[in-house]
Amino acid sequence: MVLLIAAIAFANRGGDSGGDAPSGTDARRPGGSPTAPTGVKPVDGKTGGIASGFAHSEQGAQSAAANFAVALGGDGMFRKDSRHAIVDATHTPDAAPALQGQLDTAYSDAFLKNVGLLPDGSAPKGLTFVSRTVPVGSKTASYGTNDATVEVWCTGLVGLAGEGSTKPVSQTWFTLTQKLHWTNDDWKVASSTQKQGPAPVNGDDRAASATEIANAVSGYGGFTYAR
């Protein structure tokens, strides 16, 4: 249940600086899915800034899982007040309370220090903390009327941007598996697990400078709706 996305691997770094993808509601169709919007209209509602009111369908479950991956992999998880709001907005009423306590323990002062953050989850002066998750694709492992298991393949950015950072922003790849339950007319997370990869071969892109990364983070807002 403890969901730290890429942060654990990042925090434990040293002091140096495909399968099938579903389309529409058919998760069993082989091959890649088009990137154009398909199916039902995206949700209009939000709970605590997180998309809500997903369709009671297989596509709705995938959409919920992708959006929850974005929220649970954001920098708001490193601050207690916003973390509690995110967990409440994404999890079932039965799962949220226990997870709150587990995460409060996991995001300890020592853990935040190892990530390079201050005890309140903020970045030191002159540095910008980056934690963003971007879903690359999703597929349904199982689907029933009120329960679904959805896998979301993600890439993420995590690190401290700025001159003098000892933990520069780096890229991660992981797959998040969420067990969703239909409750109060919406999909919510009952439990979740994650594993590393699959990660592609690194390209030949030039690594950006600390200033370039910091400017990009402040200049490009993160997505608030996925799929």
**Student:** Which distance, rounded to the nearest 0.5 Å, do you find between the CD of Gln194 and the OG1 of Thr177?
**Tutor:** 9.5 Å
**Student:** Determine the minimum heavy-atom distance between Pro93 and Asn184, stating which atoms define it.
**Tutor:** CG-ND2, 4.2 Å
**Student:** Can you name the closest pair of heavy atoms from Asn146 and His181 and give their distance?
**Tutor:** O-ND1, 3.2 Å
**Student:** Where the side chain of Thr155 meets the backbone of Thr172, is there a donor-acceptor pair that is under 3.5 Å apart?
**Tutor:** yes
**Student:** Mark yes or no for whether Ser165, through its side chain, and Leu160, through its backbone, hold a donor-acceptor pair below 3.5 Å.
**Tutor:** yes
**Student:** Do Leu99 and Phe111 belong to the same hydrophobic cluster, where Ile, Leu, Val, Met, Phe, Trp and Tyr are linked whenever their side-chain heavy atoms lie under 4.5 Å apart, directly or via other members?
**Tutor:** yes
**Student:** Side chain of Thr90, backbone of Ile86: donor and acceptor closer than 3.5 Å?
**Tutor:** yes
**Student:** Got a donor-acceptor contact below 3.5 angstrom from the Lys167 side chain to the Ala161 backbone?
**Tutor:** no
**Student:** Can you check side-chain contact (heavy atoms from CB on, under 4.5 Å) on His91 and Leu72, steps first, answer last?
**Tutor:** CA-CA 11 Å; His91 286 71; Leu72 293 165; 4.0 Å; yes
**Student:** Check whether any side-chain heavy atom of Leu112 sits under 4.5 Å from a side-chain heavy atom of Pro119, and report yes or no.
**Tutor:** no
**Student:** Applying side-chain contact (heavy atoms from CB on, under 4.5 Å), run through Val150 and Trp187 and close with a yes or a no.
**Tutor:** CA-CA 11 Å; Val150 179; Trp187 290 109; over 6 Å; no
**Student:** As a quick check of understanding, evaluate side-chain contact (heavy atoms from CB on, under 4.5 Å) for Lys179 and Asp147, giving each step before the final call.
**Tutor:** CA-CA 7 Å; Lys179 291 186 177 181; Asp147 293 282; over 6 Å; no
**Student:** Looking at Ala89 and Lys188, what are the two nearest heavy atoms and their distance?
**Tutor:** O-NZ, 2.5 Å
**Student:** Is it the case that one hydrophobic cluster holds both Phe54 and Tyr143, taking links as side-chain heavy atoms less than 4.5 Å apart, direct or via other members?
**Tutor:** yes
**Student:** Could you tell me the separation between the OG atom of Ser170 and the CG atom of Leu157, rounded to the nearest 0.5 Å?
**Tutor:** 8.0 Å
**Student:** I'd like to know whether Val189 forms a side-chain contact (heavy atoms from CB on, under 4.5 Å) with Leu180, so could you lay out the CA-CA distance, the side-chain angles of the two residues, the decisive distance to 0.1 Å, and finally the verdict.
**Tutor:** CA-CA 5 Å; Val189 182; Leu180 305 175; 3.8 Å; yes
**Student:** Look only at the side chain of His56 and the backbone of Thr145, and say whether a donor-acceptor pair between them is shorter than 3.5 Å.
**Tutor:** yes
**Student:** Donor-acceptor check, side chain of Asn114 to backbone of Ala110, threshold 3.5 angstrom: yes or no?
**Tutor:** no
**Student:** Quick check for you: to the nearest 0.5 Å, what is the distance between Ser142 atom OG and Glu58 atom CD?
**Tutor:** 9.5 Å
**Student:** Enumerate, atom names and distances included, each donor-acceptor pair closer than 3.5 Å involving a side-chain atom of residues 73-82, sequence neighbours excluded.
**Tutor:**
unit_1: Ser82; atom_1: OG; unit_2: Gly76; atom_2: O; d: 2.5
unit_1: Ser82; atom_1: OG; unit_2: Arg79; atom_2: O; d: 3.2

**Student:** How close do Ala69 and Leu176 get, counting heavy atoms only, and between which atoms?
**Tutor:** CB-CD2, 3.7 Å
**Student:** Does Pro200 offer a backbone N or O that forms a donor-acceptor pair with the side chain of Trp173 under 3.5 Å?
**Tutor:** no
**Student:** Using a distance-only test with no angle check, is there a side-chain donor-acceptor pair under 3.5 angstrom linking Asp94 and Thr92?
**Tutor:** no
**Student:** Please identify each residue that fulfils side-chain hydrogen bond (donor to acceptor under 3.5 Å, both in side chains) with Asp109, with sequence neighbours left out.
**Tutor:** none
**Student:** Looking at Ala214 and Thr128, what are the two nearest heavy atoms and their distance?
**Tutor:** CB-OG1, 4.4 Å
**Student:** Working to the nearest 0.5 angstrom, can you tell me the gap between Asp185 CG and Ser52 OG?
**Tutor:** 11.5 Å
**Student:** Using modelled atom types only, decide if a donor and an acceptor are shared between the side chain of Gln100 and the backbone of His84 within a distance under 3.5 Å.
**Tutor:** yes
**Student:** Which heavy atom of Ala141 sits nearest to which heavy atom of Glu151, and what is that distance?
**Tutor:** CB-OE2, 4.0 Å
